[in-house]
Amino acid sequence: MKEYFHSVILDETKCNGCTNCMRRCPTEAIRIKDKKAHIIKERCIDCGECIRVCPYYAQNSATDDLNKLKEYKFNIAIVPFSMYGQFSSDLDMDKIFQGIKSLGFDYVYDEAHAADIATISIKQEIKKTDLPKPIISSLCPAVLRLIQINFPSLIDNIIRIESPMEIAGRLAKKKVMDEYNLDSDEVGVFYLTHCPAKVTSIKNPIGIKNSYIDGAIAIKRIYGDILRNATTVKKVESFSKGSSLGIGWAKVGGQSEALGIENYIAVDGIENVIKVLEEAELGKLDNIDYIEAMACVGGCVGGPLTVENPFIAKSRIRRTIEEKSKIMRVNEEEILNLYKEGIFSLTEEIEAKGIMKLDEDIKMAIRKIEKIKQITDSLPGLDCGSCGAPTCRALAEDIVLGYATIDNCVFRMNKSTNISK
Amino acid sequence: MNKKDDTIKLEYDIIQNDFVRAGEASSNVKKILKQLGIDSKIIRRVAIVTYEAEMNIVIHSYGGKLLVEISSKKIEITAKDNGPGIEDIEKAMQEGFSTASNEIRELGFGAGMGLPNMKKCSDVLKIDSEKGKGTTVYMEIFMKSNQN
């Protein structure tokens with residue numbers, strides 16, 4: 001099995017071993033050892049909470065840079081819908097698209113356009129009567145990973161339609177190959193990303209075999225260049241763009257609005273998502289039609305690789321939506337045919353990841369649980385984090401799994417020193 | 001060596017009318033079952049029955065306890081409350097039948113699905129109730145089950 005790649009990485013030279021990221025990590029995937037943070041990669045869902053809270057900018061996302069464009073003859077930029085909130089509303093979106101193109105791209109494709117296509121497909125898909133309720137959106141890869149790790153019983157609730165990013169990648173590549181008579185490997189498709197989990201999902205796709213995206217470039221790394229290009233560019237083309245409904249996917253609640261679903265839950269912020277999924281797992285939300293769960297506050301507009309404050313970005317998107325037309329510039333009949341052929345459907349099983357499992361043998365696991373309980377009871381219960389684990393219980397688990405010892409607890413250490421005196 | 005199987009025993013106090021904490025016990029049990037690597041379909045069933053049992057104590061009783069015992073073969077759930085007892089168990093087992101007050105119903109509870117759901121999701125269900133004294137609901141869910 002190939003080693004699991006994940007996007008969030010730590011720059012050890014910048015890390016000073018404070019406990020901010022460890023305490024905020026929603027899956028308890030971070031430990032501090034020898035004054036440096038360590039990410040337990042199997043547990044990481046790439047939500048980017050640690051990137052957001054790190055005061056030393058030591059946590060980051062492994063993304064590509066513009067040099068990678070040299071590897072291809074023809075380069076496509078997929079502009080995410082979150083881009084609509086990143087720049088002042090005085091700046092015309094065509095200028096921004098032009099600014100992106102002049103970074104070295106030959107073709108620019110609006111993800112909001114692909115969101116329109118996803119909307120049409122999902123509208124069809126949810127007509128199926130045998131889908132388990134509530135249906136869960138497949139947009140946020142951090143949430144999908146969270147479900148795989150922590151809520152496997154909800155895997156069947158995930159809608160089996162690809163995310164707009166993948167739809168965009170596939171359609172843009174095909175269009176360019178046909179139009180310019182190019183081979184697949186001559187065309188590079190780059191996603192300008194607000195999101196570390198999207199980067200991960202390109203290398204480890206969820207629900208599809210291979211991603212249609214060849215690379216991902218963090219918005220914050222090219223933001224200045226886009227702004228400079230956009231304000232100095234002389235000639236501006238008119239780019240084909242998504243409808244206001246497609247752009248709305250950038251903010252939480254936008255999908256349900258586009259789909260015309262009334263009985264939905266739109267939840268943002270990974271901690272809030274966890275609470276809602278807990279309720280869903282207890283069977284309390286079986287009467288809800290659709291759950292739009294987004295790891296970032298505000299939705300994709302709040303992605304950790306963006307520049308603009310999420311609330312300002314969200315407000316801009318709201319205004320953009322009001323100004324723009326809801327009419328989709330797509331051939332609906334053609335999309336429906338593609339949908340019927342299953343072009344936009346997920347092809348692979350989304351598997352449960354039994355990462356939380358303590359032991360392959362259930363009898364051993366039961367003993368370990370008992371042991372964890374005993375150790376937890378013997379710890380002070382302050383969850384201070386000084387041992388390098390986020391909670392006393394997490395330390396107890398680490399001890400039982402052999403990753404730590406009871407001496408890691410500073411309070412226990414004091415006790416034993418006192419005794420020896 | 002013929003040692004008795006290890007079991008995990010969990011005990012939760014459930015307080016009458018405490019809607020805020022209701023669900024805590026079931027969430028806790030769920031986390032432990034995930035650490036044991038139990039099949040997610042079984043976890044879901046256990047989660048549903050413990051939650052329903054918890055809610056029944058919160059809504060209908062004067063308070064009680066939820067006991068969960070996990071072994072490698074089965075999960076046993078006992079919900080024990082201090083009254084008032086169920087008047088007609090047969091009726092209580094019918095879908096849609098509920099003695100919950102209007103206020104409770106306005107909160108979205110008391111749909112009369114509690115016991116029917118527990119029956120649907122468990123492999124064994126026994127109810128022991130005495131008017132004026134209290135109710136004990138005992139359930140078993142097998143680790144390897146014929147149900148889906």
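The chains referred to below are lettered A, B, ... by the order of the sequence lines, with proteins before strands, and numbering in each begins at 1. These numbers come from a predicted model, not from an experiment.
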Query raised in the report: With no hydrogens and no angle check, is any side-chain donor or acceptor of A:Arg43 less than 3.5 Å from a backbone partner on A:Ile355?
Result: no
**Report entry** Proximal component of A:Lys368, with respect to chain B [non-hydrogen, under 4.5 Å]
**Finding:**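 It is neither, since no heavy atom gets under 4.5 Å.
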Query raised in the report: What part of A:Asp286 lies closer than 4.5 angstrom to a heavy atom of chain B: side chain, backbone, both or neither?
Result: side chain
Query raised in the report: Do A:Arg31 and A:Asp398 sit within salt-bridge range, that is, some charged N less than 4.0 Å from a carboxylate O?
Result: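 Answer for the salt bridge query: yes.
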Can you give each donor-acceptor pair under 3.5 Å made by side-chain atoms of residues 30-40 of chain B, sequence neighbours left out, with the distance rounded to 0.1 Å?
residue, atom, partner, partner atom, Å
B:Lys30, NZ, A:Glu278, O, 3.4
B:Lys30, NZ, A:Glu278, OE1, 2.7
B:Lys30, NZ, A:Glu281, OE1, 2.9
B:Lys34, NZ, A:Asn150, O, 2.4
B:Lys34, NZ, A:Glu281, OE1, 3.2
B:Gln35, OE1, A:Arg393, NH2, 3.1
B:Gln35, NE2, A:Glu397, OE2, 2.8
B:Asp39, OD2, B:Lys41, N, 2.9

Query raised in the report: Applying side chain to side chain donor-acceptor pair (under 3.5 Å), which residue pairs with at least one partner in residues 75-85 of chain B are found, sequence neighbours left out?
Result: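 Every pair satisfying side chain to side chain donor-acceptor pair (under 3.5 Å) with a residue in residues 75-85 of chain B: B:Glu76-B:Tyr138.
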Show the atom names and distances, to 0.1 Å, of all donor-acceptor pairs under 3.5 Å that link a side chain in residues 126-134 of chain A to residues at least two apart or in another chain.
residue, atom, partner, partner atom, Å
A:Lys128, NZ, A:Glu125, OE1, 3.3
A:Lys128, NZ, A:Glu125, OE2, 3.2
A:Lys133, NZ, A:Asp289, OD1, 3.3

Requested in this report: Scan side-chain atoms only and decide if B:Lys65 and B:Tyr12 contain a donor-acceptor pair under the 3.5 Å cut-off.
Outcome: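 No, B:Tyr12 and B:Lys65 have no side-chain donor paired with an acceptor closer than 3.5 Å.
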Query raised in the report: Which pair of heavy atoms, one from A:Leu395 and one from A:Ala404, lies closest together, and at what distance?
Result: CD1-CB, 3.9 Å
Query raised in the report: In terms of heavy-atom pairs under 4.5 Å, which option from A:Ile372, A:Leu358, A:Ile155 contacts chain B the most?
Result: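 Of the candidates given, the most pairs with chain B belong to A:Leu358.
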**Report entry** Members of residues 14-29 of chain B whose heavy atoms come closer than 4.5 Å to chain A
**Finding:** B:Ser26, B:Ser27
